[in-house]
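Only one structure is covered here, and it is reproduced in the block below.
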Amino acid sequence: MTGFKSDFLNVLQSRGFIHQCSDFEGLDALAAKGQATAYVGYDCTARSLHIGNFLTMMMLYWLQQTGNKPITLMGGGTTMVGDPSGKDETRAMRTVEEIEANKASIRGVFAKVLRYGDGATDAIMLDNAEWLTKLNWIEMLRDIGRHFSVNRMLTMDSVRLRLEREQEMSFIEFNYMVCQAYDFVELARRTGCRLQMGGSDQWGNIVNGVELGRRMGTEQLFALTTPLLTTASGAKMGKTAQGAIWLNADQCSPYDFWQYWRNTEDADVSKFLKLFTTLPLAEIEKLGALEGAEINEAKKALADAATTLLHGEEAARMAAETARRTFEEGAIAENLPTVEVTKAELDAGLGVLNAFVKAGLVASNGEARRQIKGGGLRVNDVAVTDEKMALTATELTSEGVIKLSLGKKRHVLVKPA
């Protein structure tokens with residue numbers, strides 16, 4: 001469907017957010033009146049969210065900017081169950097203490113993108129533990145479970161793919177979609193929420209909530225999903241050789257976050273500018289038209305805008321300046337990521353393989369060896385040729401650090417504690 005009445009769907013469509021919708025016409029009418037209260041659920045499986053979550057946060061951002069109300073739902077309850085979507089094995093069960101610690105660590109990131117408060121379009125944050133942990137088992141089976149067809153549940157991708165691969169699925173995981181569907185109904189009753197958004201892998205779970213709402217007498221509910229992102233080369237968005245790109249600064253520094261966007265493939269620049277920045281489309285079109293070496297200016301604009309949105313203007317400026325000094329001047333910028341080692345480790349000789357693993361530039365000694373063979377590791381800008389090399393105080397520069405580099409773009413400083 002094209003030519004929406006609502007600014008919300010027009011913005012999402014023009015910026016590439018829309019994959020599927022349960023009822024474009026109904027949702028468009030609701031959003032055009034500024035009555036589209038919508039939520040995205042975020043389970044507390046780790047201490048930080050990642051770039052995939054950043055995408056749905058941007059959907060909530062545009063919802064709010066176009067006069068509607070966003071809800072961020074913390075999954076204090078659903079995390080106890082574990083979402084089987086896209087997994088070949090059961091997620092590790094987390095204790096209540098771990099979930100609470102993760103939840104506390106995650107909460108702060110949303111306020112960087114959304115405006116919270118008591119106003120009509122101000123965001124609110126809720127936690128599904130508030131109602132899921134209070135459900136009585138027999139009442140839940142009678143009042144909620146009776147609306148679910150096991151035959152249909154078995155056709156859902158999260159279940160079907162696991163069974164086809166002959167991977168075990170626990171009963172608790174099988175119930176995840178019931179919990180998520182009930183969340184939607186509960187939010188509709190408590191807040192008037194009519195829309196759930198998420199990645200395309202959540203389509204089945206979200207539609208279950210729409211159907212459960214119909215059966216339990218809510219107003220019509222709506223589902224809207226965004227495409228699961230891959231890069232132009234087919235890699236999963238937000239993944240690197242070193243792992244996920246986290247949104248918390250203590251797990252992925254603003255510099256590393258900036259560098260991730262700066263290293264975007266040429267073919268992805270326009271797409272990511274639309275999805276992960278608030279730059280006007282006319283400006284994005286100009287940046288996307290740049291070719292050759294000039295495309296690097298578009299990548300810097302992407303890195304600046306995405307980092308500013310999440311970490312603030314000063315952090316983005318410092319990251320850009322650190323990169324400029326490191327790459328254009330060859331200087332050791334003090335704002336590069338730093339890992340501390342003890343004086344005793346340097347006195348004894350810190351093995352170069354171990355040093356690169358400790359710095360997070362490689363995942364293992366084996367990977368470090370492979371990089372050395374390919375000429376990919378450098379110490380103070382000199383290629384490492386001996387895997388038995390040991391770093392000592394003699395490698396300390398005049399700034400009192402040792403600069404470790406993986407290729408031309410990733411650098412970490414080793415600093416004596």
Could you list the residues that satisfy ring pair (Phe, Tyr, Trp, His ring centres under 6.0 Å) with Y61, not counting sequence neighbours?
-> none
Listed by chain and number, what are the side chain to side chain contact (heavy atoms under 4.5 Å, CB included) partners of A129, not counting sequence neighbours?
-> D127, T133
So how far is it from W62 CH2 to L9 CG, rounded to the nearest 0.5 Å?
-> 14.0 Å
Taking the side chain as every heavy atom from C-beta outward, state whether L287 and V269 have any atom pair closer than 4.5 Å.
-> no
Going by atom types only, do Q196 and Q180 share a side-chain donor-acceptor pair under 3.5 Å?
-> yes
N10 (side chain) donor-acceptor with S6 (main chain) under 3.5 angstrom | yes
Scanning both residues in full, the closest heavy-atom pair of V40 with M197 reads CG2-O, 3.5 Å
Side chains of V414 and V401: does their closest heavy-atom pair fall under 4.5 Å?
-> no
Interatomic distance, CE@M153 vs CG@N205, rounded to 0.5 Å, equals 9.5 Å
Residues passing the side-chain hydrogen bond (donor to acceptor under 3.5 Å, both in side chains) test with D304, sequence neighbours excluded, are W258
May I ask you to test the T66-V11 pair for a side-chain heavy-atom distance under 4.5 Å?
-> yes
Do T231 and D268 meet the criterion of a side-chain donor-acceptor pair at a distance under 3.5 Å?
-> no
Sequence neighbours left out, what pairs pass salt bridge (charged side-chain N to carboxylate O under 4.0 Å, His left out) with at least one residue falling in residues 307-319?
-> E314-R317
Could you list the residues that satisfy side chain to side chain contact (heavy atoms under 4.5 Å, CB included) with E345, not counting sequence neighbours?
-> V341, T342, L350, K358
Hey, are T191 and Y39 close enough side-chain-wise for a donor-acceptor pair under 3.5 Å?
-> no
Can any side-chain N or O of Q202 pair as donor or acceptor with the backbone N or O of G199 at less than 3.5 Å?
-> no
What residues form a side chain to side chain contact (heavy atoms under 4.5 Å, CB included) with E340, not counting sequence neighbours?
-> A417
May I ask you to check whether T72 and R107 show a side-chain donor-acceptor distance below 3.5 Å?
-> no
Answer with yes or no whether the side chains of T45 and N102 bring together a donor and an acceptor at under 3.5 Å.
-> no
Do F276 and W261 have ring centres separated by under 6.0 Å?
-> yes
Between S405 and H411: side-chain donor-acceptor atoms closer than 3.5 Å | yes
Exam field: side chain N128 to backbone G76, donor-acceptor pair closer than 3.5 Å | yes
Using the ring of each side chain (for Trp, its six-membered ring), is H311 parallel, tilted or perpendicular to F257, with breaks at 30° and 60°?
-> perpendicular
Side chains of D122 and L114: closer than 4.5 Å at any heavy-atom pair?
-> no
Salt bridge (charged side-chain N to carboxylate O under 4.0 Å, His left out) pairs, two or more places apart, involving residues 210-226 | R194-E219, E211-R214, E211-R215
Under 3.5 Å: donor-acceptor pair, side chain of N175, backbone of V178 | no
Test salt bridge (charged side-chain N to carboxylate O under 4.0 Å, His left out) applied to E367 and R370, step by step = CA-CA 5 Å; E367 185 185 341; R370 289 191 294 274; 5.1 Å; no
Under 3.5 Å, side chain of Q64 to main-chain N/O of T121, donor-acceptor pair present?
-> yes
Pairwise distance CZ(F8) to CD(Q13) - rounded to 0.5 angstrom | 12.0 Å
The complete set of salt bridge (charged side-chain N to carboxylate O under 4.0 Å, His left out) pairs with one or both residues in residues 33-57, sequence neighbours excluded, reads R47-D250
Here the gap from Y42 atom OH to L73 atom CG, rounded to the nearest 0.5 Å, amounts to 10.0 Å
K415, NZ: over 12 other non-hydrogen atoms inside 6.0 angstrom | no
E100: salt bridge (charged side-chain N to carboxylate O under 4.0 Å, His left out) partners, not counting sequence neighbours = K103
Partner set under side chain to side chain contact (heavy atoms under 4.5 Å, CB included) for S149, not counting sequence neighbours = N151, R152
Would you call C44 and M74 a side-chain contact if the rule is heavy atoms closer than 4.5 Å?
-> yes
Residue pairs passing the salt bridge (charged side-chain N to carboxylate O under 4.0 Å, His left out) test with at least one member in residues 274-287, sequence neighbours excluded, are none
Would you say I206 and N208 make side-chain contact, with heavy atoms under 4.5 Å?
-> no
Taking C-beta and beyond as the side chain, do L187 and W131 meet within less than 4.5 Å on heavy atoms?
-> yes
Decide if the gap between the ring center of Y116 and the ring center of F110 is smaller than 6.0 angstrom.
-> no
Any M57 side-chain heavy atom under 4.5 Å of L247 side chain | yes
Please round to the nearest 0.5 Å and tell me the distance separating atom OG of S48 and atom CD1 of I106.
-> 7.0 Å
For the pair N53 (side chain) and H50 (backbone), establish whether a donor and an acceptor sit closer than 3.5 Å, ignoring hydrogens and angles.
-> yes
Do the side-chain N and O atoms of D23 and Q220 include a donor-acceptor pair separated by under 3.5 angstrom?
-> yes
Is D28 reaching over with its side chain to a backbone N or O of F24, donor-acceptor style, under 3.5 angstrom?
-> no
N/O donor-acceptor pair under 3.5 Å between T225 side chain and S200 backbone | no
Could you tell me which residues satisfy salt bridge (charged side-chain N to carboxylate O under 4.0 Å, His left out) with R369, sequence neighbours excluded, listed by chain and number?
-> E387
From C193 atom SG to D183 atom CG, the distance as rounded to the nearest 0.5 Å = 10.5 Å
Would you find a donor on one side and an acceptor on the other, under 3.5 Å apart, between the side chain of N248 and the backbone of S105?
-> yes
